[in-house]
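Keep in mind that this is a model prediction, so the values were computed, not measured. Every chain is numbered from 1 and lettered A, B, ... according to where its sequence line falls, protein lines coming before strand lines.
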Protein chains: 2
Amino acid sequence: MECHRLPDARNCLPGHRRGQKSYKRCMLLTFLGTSSGTPTLARNVTAIALQLPQRSSLWLFDCGEGTQHQVLRTPLRLSQLEKIFFTHLHGDHLFGTVGLLASRALGGAGTTPVTLYGPPGLQEYVKATLRYSDTHINYPIHFQTVEPGLIASSDGFTVLANSLKHRIPAFGYSVIEDDQPGHFDAERAAALGVPFGPLYGQLKSGQSITLADGRVIDGRTLVGPARRGRKLTYCSDTIYTRQAVELALNADVLVHEATFLTSELNLAERALHSTAAMAAQVASEARVGQLILTHFSPRYENCPAAIRAEAEAIFPNVLLAEDFWRFEIQAKAASI
Amino acid sequence: MECHRLPDARNCLPGHRRGQKSYKRCMLLTFLGTSSGTPTLARNVTAIALQLPQRSSLWLFDCGEGTQHQVLRTPLRLSQLEKIFFTHLHGDHLFGTVGLLASRALGGAGTTPVTLYGPPGLQEYVKATLRYSDTHINYPIHFQTVEPGLIASSDGFTVLANSLKHRIPAFGYSVIEDDQPGHFDAERAAALGVPFGPLYGQLKSGQSITLADGRVIDGRTLVGPARRGRKLTYCSDTIYTRQAVELALNADVLVHEATFLTSELNLAERALHSTAAMAAQVASEARVGQLILTHFSPRYENCPAAIRAEAEAIFPNVLLAEDFWRFEIQAKAASI
């Protein structure tokens, strides 16, 4: 196959800075590893970070060997780590876990609890590794065994899981933001003579208020339409499955593994991995806004154009993840 | 403490190329990780490679997380991996093991057996990790639980271990090359009229031969003095102990941990790690040729001059290891 390297960096810079109001509402992905099976010089094995700046929270999806090393090369802070969701327990998604948790404990950087979500066996693996290596973690670690359905719901976000189709039990995850109230037009309220204070809160929540001069202001006239919460879906490792489609339905962003090209369909079917075409098929059927492909076989190190072309033939909005790539999850256009 | 970064690269290039006769007899160290506890941007956690080119063998000492990633950035080949010696089972010396073994198996790069030597628990850790992660290795892995004394002896090298003094069972290792026969002066043999063929072998082994013209040639006159085999000793993790001195006695090269400066003696004593002064004390008492310090606390990232100065006040020949540093083990001068 003739191919050459095409860096794929469109749409990858959030353009926000810490402290700015717009940054606070960001959902930022950072790809920490985009290779399948083994690391290469350019790509580490799998981990993806999701930052929820409003909560000062860092969530990880998978934690392959060397994830803590990758984090060192980013602005991410392990002290903010709150949750790790494991898709499955293959080593290239798992072997960085205990080292990362231990480094978070050293030097007092992280003291808040971390919850690990994953298939049966995760807790036993982590506890055995801690025991054999005499590793002591100075903050609580909680475990939750994942089953299809609701996984977690708190502080404005809900996490759902669904079973995928791999050689061992594997789960995809959706992170769904609560629907957001519409924009409150504070400038117009001030222009109407509403005095600063608690009346603004009543107007923001859609109530009517009466001013000192007798005028009645209906809060609903100052609040824009409610905004649908954003939705991220992550599916890896899996061959094409309808359950990925169900999980990803209407997602703004779908991150899906694309280990192989269709030219290696026999390998994909044997190892229960996806081709780029399968990932695009899921994106198309689920009517997602943006498909991001990751988890590439090292054999395609220099062939992103072929992967993109195969996916774009089925679904138009395709990006290929690279290590250290940052991506802001934004609501897809309503027309899609 | 006032300090600044001083790259330490003297004596670190072997100056040999594969295929040259001199290269074949090299014992080459490659430092793959020189930080203690956690990785930094400049230093990975511990692993050291020893190449024995004559045997096309690669041995590792410890295998911290990310060792396989470091190997990718060197000329080392995992297909040549033959043995891994573990000093102890703390994660920063251990957590790269199963990922490295799995990557060696993928793609058929490595098919020959690998033997793992280490404290009790090593086999259980590796087998549990393979089981939880459903990792299948397509070559034999052997395990040997280490006790003080003879560990391995074959093909010209002997490995000894001795107990060190750390928070969990820990061992230092010495690799001792068999003594080598003296140089055979083939040019002089030819000048004396010895016909090419099996007579050269007899002369090389010190026998006398009788030529066709009746002259008797004493092989011992054509063979130089025997050369003492080289000796490498590696001690980590440990606070100062006489057992390290016994193990390192008369070594050509001692690689010793130096996690702290004496200014943090209380930390060293609490964690049972060495100061640079302790490492130098071992080198001095053992009368080694070259001391190489490694396993530096991340707090000294920019302070190699202070570490070197503390050690050099006690022992003159001190080098500070850096990641990707290569060092050829050579026989120390007889006078040392």
Sort A/Thr67 into side chain, backbone, both or neither according to what part of it lies under 4.5 angstrom from a heavy atom of chain B. backbone
Can you give me the closest heavy-atom contact between B/Phe95 and A/Ser133, atom names plus distance? CZ-OG, 3.3 Å
What verdict does the side chain to side chain contact (heavy atoms under 4.5 Å, CB included) test give for B/His69 and A/His69, after you've listed the backbone C-alpha separation in whole Å, the side-chain angles of each residue and the deciding distance to 0.1 Å? CA-CA 10 Å; B/His69 303 65; A/His69 303 66; over 6 Å; no
Contact winner vs chain A - B/Thr135, B/Thr129, B/Leu94, B/Ile168, heavy-atom pairs under 4.5 Å: B/Thr129
Specify whether A/Tyr132 and B/Tyr125 have parallel, tilted or perpendicular ring planes, treating 30° as the upper limit for parallel and 60° as the lower limit for perpendicular. perpendicular
What is the distance from atom OG1 of A/Thr40 to atom CG of B/Leu72, rounded to the nearest 0.5 Å? 7.5 Å
So which of A/Ala102, A/Gly121, A/Gly96 has the largest heavy-atom pair count under 4.5 angstrom toward chain B? A/Gly96
Does any heavy atom of chain A fall under 4.5 Å from the side chain of B/Ala128, the backbone, both, or neither of them? side chain
Considering only heavy atoms, which portion of B/Leu41 lies under 4.5 Å from any heavy atom of chain A: side chain, backbone, both, or neither? both
Quick check: closest heavy atoms across B/Thr38 and A/Ser103, and the distance to 0.1 Å? CG2-OG, 3.2 Å
May I ask you to check whether over 12 heavy atoms, not counting those of B/Glu124, lie within 6.0 Å of atom CD? yes
Which heavy-atom pair separates B/Pro39 from A/Gln68 by the least distance, and what is that distance? CD-OE1, 3.4 Å
Closest non-hydrogen atoms of A/Leu100 and B/Glu65, given as atom of the first, atom of the second and distance, are N-OE1, 4.4 Å
